[in-house]
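To find a chain, count down the sequence lines: A is the first, B the second, and so on, and within it residues start at 1. Model, not experiment: these values are computed from the prediction.
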Protein chains: 2
Amino acid sequence: MHDHKHDKLVDIQETVKLFKIFSDYTRLRIIELLYSGEKCVQDIADSLETSQSAISHQLKLLRDMNVVSARKDGKQVIYNLQDNHIKEIFLIGYSHATECKI
Amino acid sequence: MHDHKHDKLVDIQETVKLFKIFSDYTRLRIIELLYSGEKCVQDIADSLETSQSAISHQLKLLRDMNVVSARKDGKQVIYNLQDNHIKEIFLIGYSHATECKI
DNA sequence: ATTTTATATGAGTGTGTACTCATATGTCAA
DNA sequence: TTGACATATGAGTACACACTCATATAAAAT
């Protein structure tokens, strides 16, 4: 027998986690940047004019949340968006925000 | 002449604001609760087993962000979701989160 | 082997924010 | 008018978290 009310609250917590991914300026810019294709850490840092350390910290979070994948290429580490769910949700939020100017 | 790069960053900031609305457990439960129809403050607080004060504070934020509308009915204040954009984004995030268990 | 380059990460700091508590405001009932 | 109820709100607190700085790790170049 399941506790459906509890299940629902767990689902809400998962949804909160998902939305939290997108609710930071640096993280969202990383996602937007990777939208156009894979990039190495330093390129991301340069593009966003943010320190390598700050970017690495955020990339770790994004890795832990399975939002991005990483692969080594010599000294560099190349990051990419993991799945299309992420792209889809980003795009919907972005469209709404730009259309409506909340 | 427009600074398109700057415009884009502003749009990203707006998107962050939008996603922040959904990235708190109490706020998301309020939104989910109002999904099924308007409710007064005390009913929301009771349903979510959260203090009236905490709910009122969050409702103020949601009002300021034009996520919910409020109307007085005697001593009570009845809250409702403002527009369908909110419903749509919540639903998409919720589906993704429950399907994928990120 | 040593140095240089690319990335990761722990510790510490500052800021934002969700809550509690106390109290103000507003509305109805008696 | 006074009291009870419903909601709002300011102040204070505790915690989360995004950053910096210093340093570790790892691979390439010399």
Is there any protein nitrogen or oxygen under 3.5 Å from a nitrogen or oxygen in nucleotides 24-30 of chain C, and what are the pairs?
from: C:dG26; atom 1: O3'; to: B:Lys72; atom 2: NZ; distance (Å): 3.3

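As judged by a 4.0 angstrom heavy-atom cut-off over every strand, A:Ile78 is placed among residues making no nucleic acid contact.
If you take CZ of B:Arg71 and C1' of D:dA6, they are 15 Å apart, rounded to a whole angstrom. One interatomic measurement links the two molecules: NZ of B:Lys60 to C1' of C:dA18, which rounds to 15 Å at whole-angstrom precision. Atom NZ of A:Lys17 and atom C1' of D:dC17 are 16 Å apart (whole Å). As a whole-Å value, the separation of A:Asp24 CG from D:dA16 P is 17 Å. Taking atom CG of residue B:Leu62 and atom P of nucleotide C:dT17, one finds them 14 Å apart after rounding to whole Å. Atom CG of A:Leu61 is separated from atom C1' of D:dA18 by 9 Å (rounded to the nearest Å). Atom CG in B:Asp64 sits roughly 16 Å away from atom C1' in C:dG16 (whole-Å rounding). Note: CG (B:Leu59) to C1' (D:dA6) measures 13 Å, nearest angstrom.
Using a 4.0 Å cutoff on non-hydrogen atoms, the parts of residues 47-58 of chain B near DNA chain C are B:Ser51, B:Ser53, B:Ala54, B:His57, B:Gln58, ordered by number. Of all the residues in residues 25-43 of chain A, A:Thr26, A:Arg27 reach under 4.0 Å from DNA chain D with at least one non-hydrogen atom.
Proximity of B:Leu33 to B:Arg29: side-chain heavy atoms (C-beta onward) are nowhere separated by under 4.5 Å. Considering only heavy atoms from C-beta on, A:Lys17 stays 4.5 Å or farther from A:Lys20 through its side chain.
Cation-pi geometry between B:Arg27 and B:Tyr25 is not satisfied (NZ or CZ under 6.0 Å from the ring centre, within 45° of the ring normal).
Among residues at least two apart or in separate chains, there is no salt bridge (Lys or Arg N to Asp or Glu O under 4.0 Å) pair with a member in residues 41-55 of chain B. Every pair passing side chain to side chain donor-acceptor pair (under 3.5 Å) that includes a residue from residues 72-82 of chain A is listed here, sequence neighbours excluded: A:Arg63-A:Tyr79.
Considering all non-hydrogen atoms of both residues, B:Ile86 and B:Asp83 come closest at CG1-OD1, 3.0 Å. Across A:Val41 and A:Ser56, no two heavy atoms sit closer than the pair CG1-OG, 4.1 Å.
Between the CG atom of A:Leu28 and the CD atom of B:Glu14 there is a distance of 12.0 Å, given to the nearest 0.5 Å.
Residue B:Gln76 has its side chain nearest to D:dA6 when only C:dA6, D:dA6, D:dA8 are considered.
For B:Lys87, the NZ atom counts as densely surrounded, since its 6.0 Å shell holds more than 12 non-hydrogen atoms of other residues, nucleotides or ligands.
Partners of A:Tyr94 according to the ring-ring contact (aromatic ring centres under 6.0 Å, His included) rule, which considers only residues two or more places apart in sequence or in another chain, are A:Phe90.
When each of B:Asp11, B:Ile12, B:Leu9 is checked for a side chain to side chain contact (heavy atoms under 4.5 Å, CB included) with A:Glu32, only B:Ile12 meets the rule.
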